[in-house]
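Remarks on the structure that follows.
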Protein chains: 2
Amino acid sequence: MSRGKAASHLDLPRPDSLDAGKQQGAYDALRAAILNRQLPAGSRLPSTRSLAERWLVSRGTLEAAFERLHSEGYVQRVAGSGTRVSAVIPEQFIAAPAPSASSRRAAIPDQPDAGVQSHVPFVARRPDASLFDLKTWARCISRGLLSAGPGVLEAAHPAGLPALREQIADYVRSYRGMHCEADEIVVTTGIRHGLDLIARTLLKPGDTACVEDPGYTPARRLFSLAGAQVVPVPVTAEGLDTAQLPDTARLAYVTPAHQAPLGMTLSVSRRLALLDWAARADAWVVEDDYDSEYNYNSAPLAALKSLDSGDRVIYCGSFNKNLFPGLRVGFMVVPKALRPALLRTLQLTGHSVGATDQSGLVEFLASGAFVRHLRASRQAYQARRDALLACLPDECPVSGQHAGLHFVLWLPSGVEESEFCTRAAAAGLTLQPLGKFCVAANLPAAVIIGYTALTLAQIRYHGRVLTQLLTAA
Amino acid sequence: MSRGKAASHLDLPRPDSLDAGKQQGAYDALRAAILNRQLPAGSRLPSTRSLAERWLVSRGTLEAAFERLHSEGYVQRVAGSGTRVSAVIPEQFIAAPAPSASSRRAAIPDQPDAGVQSHVPFVARRPDASLFDLKTWARCISRGLLSAGPGVLEAAHPAGLPALREQIADYVRSYRGMHCEADEIVVTTGIRHGLDLIARTLLKPGDTACVEDPGYTPARRLFSLAGAQVVPVPVTAEGLDTAQLPDTARLAYVTPAHQAPLGMTLSVSRRLALLDWAARADAWVVEDDYDSEYNYNSAPLAALKSLDSGDRVIYCGSFNKNLFPGLRVGFMVVPKALRPALLRTLQLTGHSVGATDQSGLVEFLASGAFVRHLRASRQAYQARRDALLACLPDECPVSGQHAGLHFVLWLPSGVEESEFCTRAAAAGLTLQPLGKFCVAANLPAAVIIGYTALTLAQIRYHGRVLTQLLTAA
């Protein structure tokens, strides 16, 4: 990739599509040129004036197309230096080299208290619901319900509406590198629902379930609720220490894209070792891919499930983090051998997702509104992260800031986590100590910082408060 | 109630409300006169001509108001004999005397196969989704989402949106005679979800859970899934035989309004005995009130929960049967002592209902669309039931035809249930044998007949087929 090189923009032909919706046509042509590297990363785009002359459209039309490319993360606009193609464009999330272990990323479990408001600093794992376009959503619901007609109101297939499963399969093929069909998708209310179905279907009392340590607490609790003996397995710089998985376990739960909460990516060698272990131990692997949509400076590996030639990985994804928390729609990609048993549990327990949300989501995905929302929210979150990082003192390192909705802030030596959190609470900050995610792990003192649901002004104000607490510590 | 008595309609004053929406005003005034017995059950309404002269409105306005009263079940219109107040008006569902044991009503469990289409004769427990007004629903969703704003998109309280719980509390107070507050409501995805939450919260492996025999199979299976020992308790003409409940049980599951599947109402003395047993045994009672909205000729008792002075009854209701099966919204009314534990289970397992459906349902209930839909669907189902009963031969008695979405058809002596169902299947009819609902109970041969999702033409056609099978048997 040649950063800064001037683009050979004079070769861009006037797109035919201009005549049908000029602004959309200009956007499509420029986006295609970025994707096929005709406009490489870092290159400068032609000015709107020169392009307006060549393409015989108004500058206003081009300005609107540039703004859309900007809001979706394809280009950066800097006053005085024009518009440049972003270093990493949204579609590059797949097929990038594995990040080194030193570029660890944070990814944080659910808050325990659902009553906590998103705008409280620095509550973790909260998307900003105000970025979500309610009018578009309401229109998708209407269109979905009225175009589908009364048939969609019948008790749906327990796996979910076929049209929605097609859309989800398309999405995970394009964005997570999996080769999956609609028949492998099961619609859920979110990741917890998926984990609960897995636990109730696969685990008998006394079975062993392995979880990361530190790790996602609700996974531990759901496996325990099913009667399993939960075994914590350490995490190293490469992610879950697969060498320590017992061959007697029935399943292992893992967060390969961004370990929850520490944020590293499971290395390729560990991914292969994990799949080998599953084959040898005749065990299942649960992949929780809860916030892989949010990557700011680097690109994640494709999902672990994309390497799963033995069909032993159950992939869990969710729309509750990337659309809005109150949505309650997620999905699983399930091995063929497990599908009938999982559907029996789902049907008996009656927790399937309503037809209204399902048919609305079909429209939302098919119309492109979903991918547009992802791009716009990714850019907003990146700006918020940057503003917060700019506030923090140099002597307090962070990790996991490259991705996800949160990062880990390591405390100055000698500072005790829970004592620091108590002082922070007195100053109006809600922080989670890292120790809360540990079973046997003994890690340096750190707290989890969420920033995605705060405005830039809130971030600057509360970031200063946080810095005062850190420097006084 | 004096049936057939002429109404003193000359005393009806011209309603003030006529000037604001004449048709609505005429409807409101006539409905109020019916509810306050100024127009008693069975009485004849004034003709539209005479009323038009007295009220200074057009006959067309009155004709429209009469039609609406008719479609909602307040009046019957017979060509040549005018318009009469119905014997049982919708609001009389509460405060009516207990039906005698001989007027048994049918009420049928879920079909095991969610793939079965509603329009297959005579699949049971299927509402007719085509009666549901999708446009009104889509409008309620839009209005609910846009008036509530982004706040509604946050992870809601696990018990459900406060505005929805207020509406549900209003509804059960008005229609099921319970004195309950919004804080006692927990929103679920339906009755199975409620039963599952109860089982997972209250039952430990080895606990005893009592269920009716014959009874609702998924209740047995959900209690078993939680590790409970499930004890079947016989049903007599008065409903669950409370004398046979063991004092060691942790809970008893019961369908007081219409025993599933036999259809009798639990008598008042049995209701009191059940509550006494719960107090003595320190046990809980689960009341499944799954289709009490549909009563055709008679009025049910108020809910068992309305007598629950000891706060030991967990009431389960659902909108999936009375609106459309794909909706996936129900609710529980829970004792104060159980609320925290039930909410902890709900929150851990992540099965809460989405904000889109919840805010739409607030609008649907508050606008009166819900009660209008109930009235219109009740009248449609009554007509379908009548058409089917008119087809059947006199020598095959039915029971439970007074209420619910189905009835029990007793087979001629000597006919074996499953053999009859096999012959029916060959003729295109999907019947459920009564034996399927029995554990130890030994009852005469019968099948469960659902008619609510079929058109009148389908009912007449397939009713003839059914009659041929019965008379050939």
Side-chain angles (χ1 to χ4, degrees), chain A residues 110-112 114-118 126 129-130 132 134-135 137-139 141-143 145-146 149-158 188-196 200 205 218 221-222 225 227 320 323-329 345 347-358 360, chain B residues 110-112 114-118 126 129-130 132 134-135 137-139 141-143 145-146 149-158 188-196 200 205 218 221-222 225 227 320 323-329 345 347-358 360:
Chain A
D110 273 329
Q111 291 296 315
V116 172
Q117 293 296 304
S118 290
R126 297 278 160 170
S130 72
F132 185 73
L134 271 175
K135 279 187 189 156
W137 177 239
R139 206 157 46 229
I141 296 266
S142 275
R143 220 178 279 154
L145 283 173
L146 299 177
V152 82
L153 303 187
E154 302 290 337
H157 193 286
T188 64
T189 63
I191 284 172
R192 288 182 187 217
H193 185 199
L195 296 179
D196 193 34
R200 302 179 83 177
R221 292 177 59 202
L222 287 166
L225 196 63
N320 301 324
L323 296 184
F324 59 94
L327 176 66
R328 313 319 302 158
V329 186
T345 307
Q347 196 168 3
L348 173 61
T349 56
H351 297 155
S352 46
V353 175
T356 304
D357 280 323
Q358 288 196 63
Chain B
D110 273 331
Q111 291 297 312
V116 172
Q117 293 296 305
S118 288
R126 298 277 160 171
S130 72
F132 186 72
L134 270 175
K135 279 188 190 157
W137 177 238
R139 206 159 42 231
I141 296 267
S142 276
R143 221 179 279 153
L145 283 173
L146 300 177
V152 83
L153 303 186
E154 302 291 337
H157 192 288
T188 65
T189 64
I191 284 171
R192 288 183 187 216
H193 185 199
L195 297 179
D196 193 34
R200 300 179 83 179
R221 293 178 57 204
L222 287 166
L225 196 64
N320 301 324
L323 296 184
F324 58 95
L327 175 67
R328 313 320 302 157
V329 187
T345 307
Q347 195 168 3
L348 174 61
T349 57
H351 297 155
S352 46
V353 174
T356 305
D357 280 324
Q358 288 197 61

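In what follows, chains carry the letters A, B, and so on, assigned in the order in which the sequence lines appear, proteins first and then strands, with residues in each chain numbered from 1. Source: prediction; values computed, not measured. Heavy atoms only: backbone and side chains are in, while hydrogens, waters and symmetry mates are out.
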Query raised in the report: Contact part of A:L225 toward chain B, heavy-atom cut-off under 4.5 Å: side chain, backbone, both or neither?
Result: side chain
Requested in this report: Would you mind telling me which of A:I141, A:L348, A:L222, A:T356 has the largest number of heavy-atom pairs within less than 4.5 Å of chain B?
Outcome: A:L348
Query raised in the report: To the nearest 0.5 Å, how far apart are CZ in B:R200 and CG in B:L195?
Result: 13.0 Å
Query raised in the report: Are any of the side-chain heavy atoms of A:Q358 and A:V152 separated by less than 4.5 Å?
Result: no
Query raised in the report: So do the side chains of A:V353 and A:T188 get within less than 4.5 Å of each other, counting heavy atoms only?
Result: no
Report summary line: Those residues at least two apart in sequence (or on a different chain) that pass side-chain contact (heavy atoms from CB on, under 4.5 Å) with A:N320 are A:S318, A:L327, A:R328
Query - Closest-packed option against chain B by number of heavy-atom pairs under 4.5 Å, given A:G190, A:G354, A:G227 - result: A:G354
